[in-house]
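As the structure is a computational prediction, the values presented were derived from the model and not from experiment. Hydrogens, waters and symmetry mates play no part in the numbers below; they use all other heavy atoms, side chains included. Just so you know, ligand 1 is whichever comes first in the structure, and atom 1 is the first atom listed for that ligand.
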Amino acid sequence: FPWKPIKEYKEILFQQYNGIAKISINRPHKHNAFTPLTVQEMSEAMELARQDTSVGVIILTGEGGKAFCSGGDQSVRGDGGYVGEDYVPRLNVLDLQRQIRTIPKPVVAMVAGWAIGGGHVLHVICDLSIAAENARFGQTGPNVGSFDGGFGASYLARVVGQKKAREIWFLCDQYDAQDALQMGLVNKVVPLEELENTTVAWCEKILEKSPLALRMLKSAFNAELDGQAGIQELAGNATLLYYLSDEAKEGKNAFLEKRKPDFSKFPKFP
Ligand code: 1HA
């Protein structure tokens, strides 16, 4: 596909093709493990994709065909988090997780090779996951002295069930693409050569759909699980729709025209 760079970064690629934005971790020598800078760059790209009204869907992936992401780069792990050039320890991937969850556009994980540790959690949070046959999934936290008790535990359990989620975290086994498909952890498995074609085809199908309907659905799926923050998202979308109505415009116009609003012509639906 003729992907066009949107912006240059050090540790990721950020590209666009039609209405699809692709954010790709570009550290294949480390199986696409992330540093604070990788995450900062992904966060910025995700925000740019959110603000860009020509983007309807985002692909999250890793370069090289051997790994989606192997989690936090253990070689820069210091006391209290992962350390960047400013020597400040950070767990900023948690902010990226929330961005993936709340961006009002579908995010599709395109997984080749390893999706491990914090990298596994990233694909779990994506709305959809498409896996190549060489994909391998798993958590490693209890092996390497870490755990993600947020979305990494609770949302994983919503996806695969409590027993399976506990197995994944307590045993730290690795699962192949067919295992993942069977437990509902991914939507589809394809040969590696077909991974990008299939993912783009899914994205193109999504792009044909009503963007507001997709937006409402994503926030509706999130609402119950995310508590007050989930309701805020769903309710924000209700406000967006209401602002588009003549009834809401009458309120604003009356205020600006310094008159009493006349809502009498608007129906009181049963
Ligand atoms: O848990 C969290 C968090 C929790 C709360 C809040 C924030 C969090 C943020 C992050 C995380 C985590 O991600 S903890 C989990 C961190 N990740 C891991 O434990 C996975 C480590 N990697 C592996 O177990 C293996 O590399 C592998 C199973 C994915 C692949 O094995 P393989 O095919 O044998 O490759 P390997 O030789 O191990 O890796 C290739 C190169 O990539 C190696 O470098 P080299 O020896 O050639 O110089 C390897 O060291 C490097 N590499 C792979 N993964 C990482 C890594 N280097 C640093 N960090 C990595 N995660």
Side-chain angles (χ1 to χ4, degrees), residues 10-12 23-44 46 60-102 109-126 129 131-160 165-180 185-186 192 195 226 229:
K10 285 194 184 137
E11 300 192 349
I12 68 165
I23 300 173
S24 190
I25 303 176
N26 192 16
R27 307 186 76 232
H29 57 292
K30 294 236 178 178
H31 283 333
N32 294 319
F34 55 77
T35 70
L37 179 64
T38 323
V39 174
Q40 189 192 316
E41 292 182 346
M42 291 172 85
S43 270
E44 189 188 293
M46 194 62 74
L60 198 66
T61 191
E63 289 299 300
K66 296 215 170 93
F68 171 77
C69 175
S70 62
D73 186 329
Q74 297 304 296
S75 70
V76 301
R77 182 169 148 190
D79 298 342
Y82 297 84
V83 180
E85 279 178 357
D86 60 3
Y87 304 110
V88 178
R90 288 194 168 80
L91 297 171
N92 56 349
V93 77
L94 299 176
D95 300 318
L96 175 64
Q97 292 177 1
R98 288 220 300 268
Q99 279 181 287
I100 296 170
R101 193 150 174 91
T102 56
M110 180 166 86
V111 182
W114 298 107
I116 294 283
H120 186 254
V121 177
L122 286 178
H123 110 83
V124 168
I125 289 166
C126 289
S129 294
E133 282 164 351
N134 74 343
R136 295 288 179 277
F137 302 86
Q139 298 298 154
T140 63
N143 280 336
V144 298
S146 183
F147 64 92
D148 182 342
F151 288 124
S154 62
Y155 189 56
L156 180 68
R158 295 293 187 134
V159 174
V160 300
R166 286 167 202 235
E167 174 192 314
I168 289 170
W169 274 103
F170 294 173
L171 275 66
C172 298
D173 280 346
Q174 290 165 357
Y175 302 85
D176 68 20
Q178 284 305 329
D179 296 333
L185 194 54
V186 301
L192 179 58
L195 181 61
D226 291 355

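Of the protein's heavy atoms, at least one falls inside 4.0 Å of atom 13 (O) of ligand 1. Counting only heavy atoms, the protein gets under 4.0 Å from atom 61 (N) of ligand 1. When distances from atom 37 (O) of ligand 1 to the protein are checked, no heavy atom turns up under 4.0 Å. Per-atom contact check: atom 1 (O) of ligand 1 touches the protein, criterion being a heavy-atom distance below 4.0 Å. For atom 5 (C) of ligand 1, the nearest protein heavy atom is under 4.0 Å away. Of the protein's heavy atoms, none falls inside 4.0 Å of atom 24 (O) of ligand 1.
In terms of N/O distances under 3.5 Å, ligand 1 is not approached by Gly141. For Leu91, no nitrogen or oxygen atom sits less than 3.5 Å from a nitrogen or oxygen atom of ligand 1, counting backbone and side chain alike.
For atom 56 (C) of ligand 1, the closest heavy atom belonging to the protein is Lys30 O, 3.9 Å. Atom 35 (O) of ligand 1 has as its closest protein heavy atom His31 NE2, 3.0 Å. Atom 59 (N) of ligand 1 has its closest protein heavy atom at Gln74 N, 2.9 Å. Among all protein heavy atoms, the one lying closest to atom 15 (C) of ligand 1 is Thr140 OG1, 3.2 Å. Summary of contacts: the protein heavy atom closest to atom 11 (C) of ligand 1 is Tyr82 OH, 3.5 Å. With respect to atom 47 (O) of ligand 1, the closest heavy atom belonging to the protein is His29 O, 4.9 Å. Nearest non-hydrogen protein atom to atom 28 (C) of ligand 1 is Gln174 NE2, 3.6 Å. The nearest heavy-atom contact from the protein to atom 3 (C) of ligand 1 is Ser146 OG, 3.7 Å.
Judged by distance alone, with hydrogens and angles left aside, the side-chain atoms of Asp73 form no donor-acceptor pair with the main-chain N or O of Tyr82 at under 3.5 Å. A donor-acceptor pair under 3.5 Å is formed between the side chain of Ser70 and the backbone N or O of Lys30. At least one donor-acceptor pair closer than 3.5 Å links the side chain of Asn92 to the backbone N or O of Pro36. Under the 3.5 Å distance criterion, the side-chain polar atoms of Gln99 are matched with a main-chain donor or acceptor of Ser43. Of the possible polar contacts, one joining the Gln74 side chain to the Gly72 backbone as a donor-acceptor pair under 3.5 Å is found. In this structure, Asn32 contributes its side chain and Glu63 its backbone to a donor-acceptor pair below 3.5 Å. The backbone N or O of Glu11 sits nowhere less than 3.5 Å from a side-chain atom of Asn26 that would complete a donor-acceptor pair. A distance-only check finds a donor-acceptor pair linking the side chain of Trp169 to the backbone of Gly152 [under 3.5 Å]. Between the Gln139 side chain and the Gly117 main chain, a donor and an acceptor come within less than 3.5 Å of each other.
Contact atoms of ligand 1 toward Val144: 15 (C), 19 (O) (distance under 4.0 Å to a heavy atom of the residue).
Phe137 pairs in a side chain to side chain contact (heavy atoms under 4.5 Å, CB included) with only one of the listed residues (Asp179, Ile116, Val111, Asp176), which is Val111. Among Gln40, Met42, Arg101, the one residue that satisfies the side chain to side chain contact (heavy atoms under 4.5 Å, CB included) test with Leu96 is Met42.
Proximity of Phe147 to ligand 1, defined as any heavy-atom pair under 4.0 Å, is confined to the backbone N, CA, C and O atoms. At a heavy-atom cutoff of 4.0 Å, ligand 1 is contacted by no atom of Arg136, backbone or side chain. Here Asp73 has heavy atoms under 4.0 Å from ligand 1 in both its backbone and its side chain. Proximity of Asn143 to ligand 1, defined as any heavy-atom pair under 4.0 Å, is not found for any part of the residue. Of all the heavy atoms of Ala33, the ones lying under 4.0 Å from any atom of ligand 1 belong exclusively to the side chain.
The heavy atom nearest to atom 54 (N) of ligand 1, out of those in Pro142, Ser70, Gly81, Gly119, is found in Ser70.
When all heavy atoms of Ala33 and Thr38 are compared, the closest pair comes out as O-OG1, 4.4 Å. Between Ser24 and Gly62, the shortest heavy-atom distance links the atoms OG-C, 3.6 Å.
Heavy atoms from other residues, nucleotides or ligands lying under 6.0 Å from CZ of Arg98 number 12 at most.
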